[in-house]
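Worksheet for the structure shown next.
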Amino acid sequence: MQNRAQWQSRLGFILAATGSAVGLGNVWKFPYITGMNGGGLFVLIYLLCIAGVGLPILAAEVLLGRTTAQSPVGAFRNLSGKGSPWVLVGLLGVITAGTILSYYGVVAGWCLDYILLSVDGRLLGTAPEEIPSLFPELYGDATRNVVWLTIFVAATIWVILGGVRRGVEKASRILMPLLFVMLAVLLVNSFTLPGLGEAVDFLFAPRPENLTPAGVLEALGHSFFSLSVAMGAMLTYGSYLSKSESIPATSLAVGGLDTVISVVACLVLFPIIFSFGMEASSGPGLVFMSIPTALVQLPLGALWSVLFFALLFLAAWSSAISLLEVLVAYGIDEWKLSRRKSTLLFGSVIYLLGIPSALSGSEGFFGKGLQELTGRNWFDWFDYVASNWFLPLGGLGISIFVAWKLEDQLRRTAFTEGTPEAWQARLYAGWLMLLRYLAPVAIVAIFLHVIGVI
Ligand code: TRP
């Protein structure tokens with residue numbers, strides 16, 4: 001076997017995998033779905049979904065990658081034999097990574113646009129009540145979206161060209177601490193605002209009347225998205241992990257950090273929202289419409305706005321790096337391409353696929369045209385298919401394969417290596433139970449919901 005790249009240290013893996021997990025899902029989506037689902041109980045349900053389903057699948061993925069030292073397709077082939085249909089689960093992961101990455105870059109581009117709006121004075125020069133309308137204006141502007149997408153894809157390609165250690169790990173070691181510091185500064189600011197009490201109450205006081213079955217399933221689906229599981233990213237990063245590291249310990253560190261950051265993001269955003277008397281339930285526009293409107297009214301407003309959108313951008317960038325790495329590792333392992341060729345090939349494919357998403361807010365075919373024809377524009381379709389179909393399907397495949405198909409001795413050894421003796425038996429049994437029963441049942445419930453049965 002050829003020599004596979006490895007992380008320099010456990011911390012390198014944890015930072016890179018946390019960089020993958022912490023993204024738009026934490027700072028943009030989690031706060032707005034929490035707002036739309038009434039806070040409180042929804043947050044609690046989300047924590048249960050992470051602990052009961054998301055984390056077990058995360059550990060399963062890292063295990064598959066580390067055991068085989070292969071990217072998703074090779075990992076499944078290695079463990080189930082050539083020509084086995086399980087290889088399709090790996091292939092689905094690669095396709096999902098491409099699907100998500102293509103539209104993810106558009107949202108990351110919006111962050112760059114808002115940084116520029118804050119710096120060049122356009123944000124401060126706009127009356128607060130007009131600020132929300134800057135967003136539809138941006139979404140409808142094809143040129144701006146394509147320019148930002150180009151910059152974002154180029155920045156992601158640049159990191160991936162550097163390889164596992166000098167690219168991904170090095171970037172993560174710089175970006176993640178920076179992100180933690182920025183988040184901490186924003187949190188301190190939010191703690192000084194008058195809306196803090198209302199925000200804490202909103203987030204942590206249970207209000208059962210607000211929770212619907214659809215909300216529970218949304219929490220579950222989002223736990224997959226947020227942890228970056230079910231599509232081979234964690235598997236790929238796990239394939240660079242040394243055999244001596246404990247899988248439960250590293251998975252818990254990554255999942256724990258991701259979850260803490262989601263909750264902290266809410267503690268940053270909701271005090272701002274409530275201090276300015278805005279609606280918690282405003283939906284996807286929460287971050288790009290309500291938040292800038294409020295931030296610019298604070299002392300040093302433009303600075304807060306730069307800080308916030310830079311944070312969001314860094315989170316998106318480190319996630320995009322891991323998405324591209326899934327595709328690039330596939331090209332290297334399966335098609336025997338050099339890292340350089342694979343990166344340029346898949347980087348270009350993603351760029352081309354991203355352009356229709358960048359045009360989705362405009363009048364043309366990919367935007368209004370498709371919308372009128374099918375009810376969704378290109379961007380919405382990609383997000384819908386990836387989040388509602390590909391991710392649950394991938395999660396189902398991974399959990400069934402690891403829990404029911406993998407040989408027990410191999411699985412047990414891989415899972416318990418590096419874990420203290422006293423913990424091994426119970427941890428292993430608990431993990432396997434969740435992966436065998438709870439995960440598949442929960443995922444089937446998501447499907448039944450997507451097709452409208454429940
Ligand atoms: N976890 C990312 C977020 O919270 C989104 C995401 C889903 C992702 N799957 C991924 C990122 C795979 C990187 C790799 O925004």
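Counting starts at 1 for both ligands and their atoms, following the listed order. Side chains included, hydrogens not; waters and symmetry mates left out as well; all remaining heavy atoms used.
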Which of the ligand 1 atoms, numbered from 1, are nearer than 4.0 Å to a heavy atom of Ser226: 1 (N), 4 (O)
Heavy-atom side-chain contact between Leu134 and Leu123 under 4.5 Å: yes
Numbering as shown, the atoms of ligand 1 that approach Met231 to under 4.0 Å (heavy-atom distance): 9 (N), 10 (C), 12 (C)
Residue selection (non-hydrogen contact nearest atom 10 (C) of ligand 1) among Ala230, Ser228, Gly25, Gly19: Ser228
Polar contact flag for Ala233 and ligand 1 (N/O pairs, less than 3.5 Å): no
Distance filter under 4.0 Å to Ser20 heavy atoms, resulting ligand 1 atoms: 1 (N), 2 (C), 11 (C), 13 (C), 14 (C)
Atom indices of ligand 1, in the order listed, that fall short of 4.0 Å to a heavy atom of Ser322: 13 (C), 14 (C)
Enumerated ligand 1 atoms positioned under 4.0 Å from heavy atoms of Ala21: 1 (N), 2 (C), 3 (C), 4 (O)
Expected output: side-chain Tyr104 to main-chain Leu24 donor-acceptor under 3.5 Å: yes
Nitrogen or oxygen atoms of Leu24 and ligand 1 under 3.5 Å apart: yes
Sub-4.0 Å heavy-atom contact, Phe30 with ligand 1: no
Tyr103/Trp378 under ring-ring contact (aromatic ring centres under 6.0 Å, His included): CA gap, chis, key distance, verdict: CA-CA 9 Å; Tyr103 68 85; Trp378 180 283; over 10 Å; no
Contact check, side chains of Glu169 and Leu15, non-hydrogen atoms, under 4.5 Å: no
Test of proximity, Asn26 against ligand 1: N or O pairs below 3.5 Å: yes
Side-chain donor or acceptor of Thr96 paired with backbone N/O of Met231 under 3.5 Å: no
Closest protein heavy atom (residue, atom, distance) for atom 1 (N) of ligand 1: Phe225 O, 2.7 Å
Gln70 side chain to Ser239 backbone, donor-acceptor under 3.5 Å: no
Arg10 atom CZ, over 12 foreign heavy atoms within 6.0 Å: no
Close N or O approach (Val22, ligand 1; < 3.5 Å): no
Smallest separation among heavy atoms of Met234 and Val254, with atom names: CE-CG1, 4.1 Å
